[in-house]
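As the structure is a prediction and not an experimental result, all values here were calculated from the model.
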Amino acid sequence: MTEIRDLLLSRIRDVADYPEPGVMFKDITPLLADPAAFTALTDAFARIVERTGATKVVGLEARGFILGAPVAVRAGVGFIPVRKAGKLPGATLSQAYDLEYGSAEIEVHAEDLSAGDRVLVVDDVLATGGTAEASLQLIRRAGAQVAGVAVLMELSFLPGRARLGAALDGAPLEALLTV
């Protein structure tokens with residue numbers, strides 16, 4: 001696992017002062033451009049799908065789509081996009097949540113999840129945990145079970161893990177990298 005971590009870390013670029021002064025942005029586009037690194041990432045997430053018994057992968061907009069879709073294909077399970085409000089046609093379930101400065105809302109197609117599903121949420125970064133927490137609420141409201149959350153990177157200096165603790169209700173939170 002150390003080899004995978006080293007490979008992934010070597011393909012994540014730090015961008016200072018983006019999107020605003022004082023922020024160190026973690027750019028994963030070099031990782032996505034490297035077929036060996038992207039394959040290693042996809043394989044690591046697919047093993048989490050198998051280990052948790054997930055039957056579907058939810059990808060959070062937008063980088064969660066890029067990471068989650070190939071994971072679902074590799075693991076042989078369905079992929080469900082969770083989008084910002086107003087982006088999905090048809091009947092949706094929505095969940096509002098608070099951000100540091102304001103609020104946001106996410107949606108999923110109402111028919112995409114059902115009582116028999118075990119769902120793994122996949123995203124690139126766990127920061128404050130607001131979007132992930134809202135997605136867990138959406139999954140349960142749809143009648144499905146939460147199999148866990150898997151992220152490429154957890155920002156340990158932010159409260160995401162603590163915020164998700166109760167919402168996970170015993171399901172695992174797995175971060176391939178902790179920074």
ILVMFWY cluster, [X] and [Y] together (side-chain gap under 4.5 Å):
X	Y	result
Val57	Leu93	no
Leu99	Leu164	yes
Val149	Val49	no
Leu32	Val151	no
Leu60	Ile139	yes

Show me the side-chain donor-acceptor pairs of residues 116-125 shorter than 3.5 Å, one per line, residues at least two apart or across chains.
{"from": "Asp117", "atom 1": "OD2", "to": "Lys56", "atom 2": "NZ", "distance (Å)": "3.2"}
{"from": "Asp117", "atom 1": "OD2", "to": "Ser114", "atom 2": "N", "distance (Å)": "2.8"}
{"from": "Asp117", "atom 1": "OD2", "to": "Ser114", "atom 2": "OG", "distance (Å)": "3.4"}
{"from": "Arg118", "atom 1": "NE", "to": "Thr52", "atom 2": "O", "distance (Å)": "3.3"}
{"from": "Arg118", "atom 1": "NH1", "to": "Gln145", "atom 2": "OE1", "distance (Å)": "3.4"}
{"from": "Arg118", "atom 1": "NH2", "to": "Thr52", "atom 2": "O", "distance (Å)": "2.7"}
{"from": "Asp123", "atom 1": "OD1", "to": "Gly64", "atom 2": "N", "distance (Å)": "3.4"}
{"from": "Asp124", "atom 1": "OD2", "to": "Arg63", "atom 2": "NE", "distance (Å)": "2.3"}
{"from": "Asp124", "atom 1": "OD2", "to": "Arg63", "atom 2": "NH2", "distance (Å)": "3.3"}

Kindly say whether [Y] contributes a backbone atom to a donor-acceptor pair with the side chain of [X] at under 3.5 angstrom?
X	Y	answer
Glu61	Lys84	yes
Ser10	Leu7	yes
His109	Pro89	yes
Asp17	Gly22	yes

Step-by-step side chain to side chain contact (heavy atoms under 4.5 Å, CB included) determination, Leu41 to Leu67: CA-CA 8 Å; Leu41 173 62; Leu67 302 181; 3.6 Å; yes

Residues 167-179 side chain polar contacts: donor-acceptor under 3.5 Å, at least two apart:
{"from": "Glu174", "atom 1": "OE1", "to": "Arg51", "atom 2": "NH2", "distance (Å)": "2.5"}
{"from": "Glu174", "atom 1": "OE2", "to": "Arg51", "atom 2": "NH2", "distance (Å)": "3.2"}

Check against side-chain hydrogen bond (donor to acceptor under 3.5 Å, both in side chains), Ser94 and Glu107: CA-CA 4 Å; Ser94 64; Glu107 294 180 331; 4.7 Å; no

Min side-chain heavy-atom separation Leu155-Leu126 under 4.5 Å: no

Might you point out which heavy atoms bring [X] and [Y] nearest each other, and give the distance in Å?
X	Y	answer
Phe38	Ile66	CZ-O, 3.7 Å
Ile106	Ser135	CD1-N, 3.6 Å
Phe79	Gly59	CE1-N, 3.6 Å
Leu88	Pro81	CD1-O, 4.5 Å
Val71	Ala46	CG1-N, 3.9 Å

Inter-residue atom distance Leu31.CG - Leu9.CG, 0.5 Å rounding: 9.5 Å

Leu138 CG to Thr131 OG1 distance, which is reported to the nearest 0.5 Å: 11.0 Å

Partners passing side-chain hydrogen bond (donor to acceptor under 3.5 Å, both in side chains) against Asp98 (at least two apart in sequence or in another chain): none

Where at least one partner belongs to residues 8-31, residue pairs that pass ring-ring contact (aromatic ring centres under 6.0 Å, His included), sequence neighbours excluded: Tyr18-Phe25

Identified side chain to side chain donor-acceptor pair (under 3.5 Å) counterpart of Gln95 within the set Arg140, Glu105, Arg141: Arg141

Residues clustered with Met24, ILVMFWY side-chain links under 4.5 angstrom: none

Contact list for residues 144-168, test salt bridge (charged side-chain N to carboxylate O under 4.0 Å, His left out), sequence neighbours left out: Glu133-Arg163, Glu154-Arg161

Flag for Ser103-Tyr97: side-chain donor and acceptor within less than 3.5 Å: no

